[in-house]
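Computed from a predicted model, the values in this text were never measured in an experiment. As the structure lists them, so they are numbered: ligands from 1, and atoms in each ligand from 1.
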Amino acid sequence: MNAMKAQEASVELTVLEKMQEHEQIVFCNDPSTGLKAIIAIHNTTLGPALGGCRMRPYASMDEALEDVLRLSKGMTYKCAAADVDFGGGKAVIIGDPLTDKTPAMFRAFGQFVDSLNGRFYTGTDMGTSTEDFVHASRETNCIVGIPEAYGGSGDSSVPTALGVIYGLKATNKTIFGSEDLSGKTYIIQGLGKVGFKVAEQLLEAGADLYVNDINLSSIKAIQERAKQLGRNVDVVSGDEVYTTAADVFVPCALGGIINDVTIDQLKVKAVVGSANNQLLTEKHGQMLKQKGILFAPDYMVNAGGLIQVADELYGYNKERVLKKTKSIYDSLLEVYKQARLDDITTIQAANRLCEKRLEDGKRLNSFFSHTRRPKWNIGK
Ligand SMILES: NC(=O)C1=CN([C@@H]2O[C@H](COP(=O)(O)OP(=O)(O)OC[C@H]3O[C@@H](n4cnc5c(N)ncnc54)[C@H](O)[C@@H]3O)[C@@H](O)[C@H]2O)C=CC1
Ligand SMILES: O=C(O)CCC(=O)C(=O)O
């Protein structure tokens, strides 16, 4: 084997080693539009893969691969926890969402999604918007969460934010004995599609907020909104987001922010937010527990968007989506209770529930196609 061949083989092995748990990875390259993307399908036991598409200026292909592998696995658990008949998948586009996006790039992405022939459905995530997917939907039917005017169910960050609010209520009930959101202090990291809506609702409920975002225009926007509501927000920057004392830390930006360094710094009673993969590793769930900080498993709290886009694939019904999103409150209380009874972390309790559902799902495998789900047409 020449040197080049040996190098190629070792790269292949590395990717294959990394995807041991995953069913499929698609590397997408379209030089004419500048699209560089990775689609990862983790597990389709419960149904075709469903998960949003993130756009970030990843420093390397490895970093992008790592992210999409973690995110798609999270979607398998999120689908199982929310009890929807879909599997785990996710996509990442490598590029700066503020400067690199074009409609053509999203159309090219749509073509790659289409080539999977119904094995993967996608929509918005961090760095992407419903408008981006209007372009993608010109190339494939496998796009979810586009505006209602285009036949979609609208912005999925609306139910995601609502789910976070239910998660906060269940957490307050567990810690303080009352679900009341007012009179408590929350630190919100990330004021994007989800974080901004959570901040708005907390302000409306009479809560006190510390806010943080790397984008100054998002800070200005929440200050403006607080003023309209006759309220105020305190801005924290850099590490202050981890070191400031408050009741709850609400991460709504990046994952991996609960790690060896930040756990030492945190002065909160709970962590409840929308960010995917908040724990850098499962060990960090144990460390939070030891410090007496209650962790709301992210994939349970942030399932509102998934619930909406999954529902869209059955024939969207808003009432049904709201009802299922509201059930995040009870599911979370149950996980908190199980974790307490079994003296395990909340993420272990949630994972156990999901793994049982996946095991049960395997028995139904031969009865359905992994690329299509029936329409329910309930409410029509
Ligand atoms: N959009 C949705 O419905 C769902 C989103 N999520 C997760 O919630 C998180 C936020 O998602 P979106 O609001 O949709 O994203 P977004 O892109 O609309 O907003 C992210 C915000 O975080 C800020 N940000 C980025 N890096 C930061 C940092 N280091 N420190 C502080 N702020 C930072 C950005 O400037 C932006 O304002 C992501 O982890 C996403 O995967 C999870 C489930 C559904
Ligand atoms: O919210 C969406 O559009 C899809 C669900 C998803 O990607 C997520 O929950 O992370």
Side-chain angles (χ1 to χ4, degrees), residues 40 42 49-57 67-68 70-79 81-82 84 86-93 96-98 101 120-130 132-133 136 143-146 152-164 167 187-199 210-222 235-242 249-257 262 272-278 298-313 321 325 328:
H42 175 255
L50 173 59
C53 170
R54 173 174 285 196
M55 183 166 183
R56 278 199 72 198
D67 206 25
V68 78
R70 271 167 63 84
L71 288 166
S72 53
K73 180 174 177 181
M75 289 308 296
T76 299
Y77 281 76
K78 197 180 304 192
C79 289
V84 296
F86 290 92
K90 203 92 179 181
V92 295
I93 295 180
D96 188 333
L98 298 177
K101 267 183 196 176
F120 176 60
Y121 291 84
T122 193
T124 59
D125 191 71
M126 208 168 154
T128 56
S129 68
T130 51
D132 297 330
F133 289 97
I143 299 296
V144 288
I146 53 173
S153 60
D155 183 354
S156 59
S157 67
V158 175
T160 304
L162 190 61
V164 175
I187 306 171
I188 304 187
Q189 179 182 46
L191 296 162
K193 295 188 293 296
V194 182
F196 190 91
K197 295 177 185 77
V198 171
Y210 291 105
V211 294
N212 166 269
D213 199 296
I214 49 169
N215 186 344
L216 282 185
S217 65
S218 304
I219 299 276
K220 281 212 180 96
I222 198 65
V235 179
V236 288
S237 50
D239 277 359
E240 281 173 355
V241 76
Y242 306 114
F249 176 42
V250 187
C252 294
L254 293 172
I257 34 78
T262 59
V272 185
S274 80
N276 276 309
N277 299 330
Q278 290 164 33
D298 42 19
Y299 62 72
M300 293 185 73
V301 169
N302 68 17
L306 166 72
I307 289 168
Q308 175 162 308
V309 296
D311 201 80
E312 185 177 321
L313 292 167
V321 170
T325 304
I328 289 173

Considering non-hydrogen atoms of the protein only, which is the closest contact for [atom], and what is the distance?
{"atom": "atom 29 (N) of ligand 1", "answer": "L254 CD1, 3.8 Å"}
{"atom": "atom 9 (O) of ligand 2", "answer": "K78 NZ, 2.6 Å"}
{"atom": "atom 13 (O) of ligand 1", "answer": "V194 N, 2.9 Å"}
{"atom": "atom 26 (N) of ligand 1", "answer": "I214 CD1, 3.5 Å"}
{"atom": "atom 2 (C) of ligand 2", "answer": "S156 OG, 3.6 Å"}
{"atom": "atom 34 (C) of ligand 1", "answer": "D213 OD1, 3.5 Å"}
{"atom": "atom 10 (O) of ligand 2", "answer": "K90 NZ, 2.5 Å"}
{"atom": "atom 31 (C) of ligand 1", "answer": "N212 OD1, 3.2 Å"}
{"atom": "atom 38 (C) of ligand 1", "answer": "A253 O, 3.2 Å"}
{"atom": "atom 5 (C) of ligand 2", "answer": "M75 CE, 3.7 Å"}
{"atom": "atom 40 (C) of ligand 1", "answer": "D125 OD1, 3.5 Å"}
{"atom": "atom 16 (P) of ligand 1", "answer": "K193 NZ, 3.7 Å"}

Ignoring hydrogens and geometry beyond distance, is a side-chain donor-acceptor pair present between N277 and K73 at under 3.5 Å? no
Could you check whether T128 and D125, counting side-chain N and O atoms only, form a donor-acceptor pair closer than 3.5 Å? no
Does ligand 1 have a heavy atom under 4.0 Å from the side chain of [X], from its backbone, from both, or from neither?
{"X": "V241", "answer": "neither"}
{"X": "T160", "answer": "side chain"}
{"X": "K197", "answer": "neither"}

State, yes or no, whether a side-chain contact exists between [X] and [Y] at a heavy-atom distance under 4.5 Å.
{"X": "D132", "Y": "T124", "result": "no"}
{"X": "V92", "Y": "R56", "result": "no"}
{"X": "N276", "Y": "R70", "result": "no"}
{"X": "L313", "Y": "Y121", "result": "yes"}

Which ligand 2 atoms, with their elements, are less than 4.0 angstrom from a heavy-atom of T124? 2 (C), 3 (O)
Would you sort out whether Q189 and Y242 count as a side chain to side chain contact (heavy atoms under 4.5 Å, CB included), showing the intermediate values? CA-CA 9 Å; Q189 179 182 46; Y242 306 114; 3.1 Å; yes
By number and element, which atoms of ligand 1 are closer than 4.0 Å to a non-hydrogen atom of C252? 9 (C), 10 (C)
Would you please name every residue forming a side-chain contact (heavy atoms from CB on, under 4.5 Å) with A161, sequence neighbours left out? V194, K197, V198, Q201
With under 30° as parallel and over 60° as perpendicular, where do the rings of Y299 and Y77 fit, or are they tilted in between? tilted
Should G145 be listed as contacting ligand 2, given a heavy-atom distance under 4.0 Å as the test? no
Of all the heavy atoms in Q308, does at least one lie under 4.0 Å from an atom in ligand 2? no
Contact (N/O only, under 3.5 Å) between G52 and ligand 2: yes
So for T124, does at least one of its heavy atoms come nearer than 4.0 angstrom to any atom of ligand 1? no
Taking distance alone, with N or O pairs closer than 3.5 Å, would you say G127 contacts ligand 1? yes
Heavy-atom distances under 4.0 Å are what count here, so tell me which part of N276 touches ligand 2: side chain, backbone, both or neither. side chain
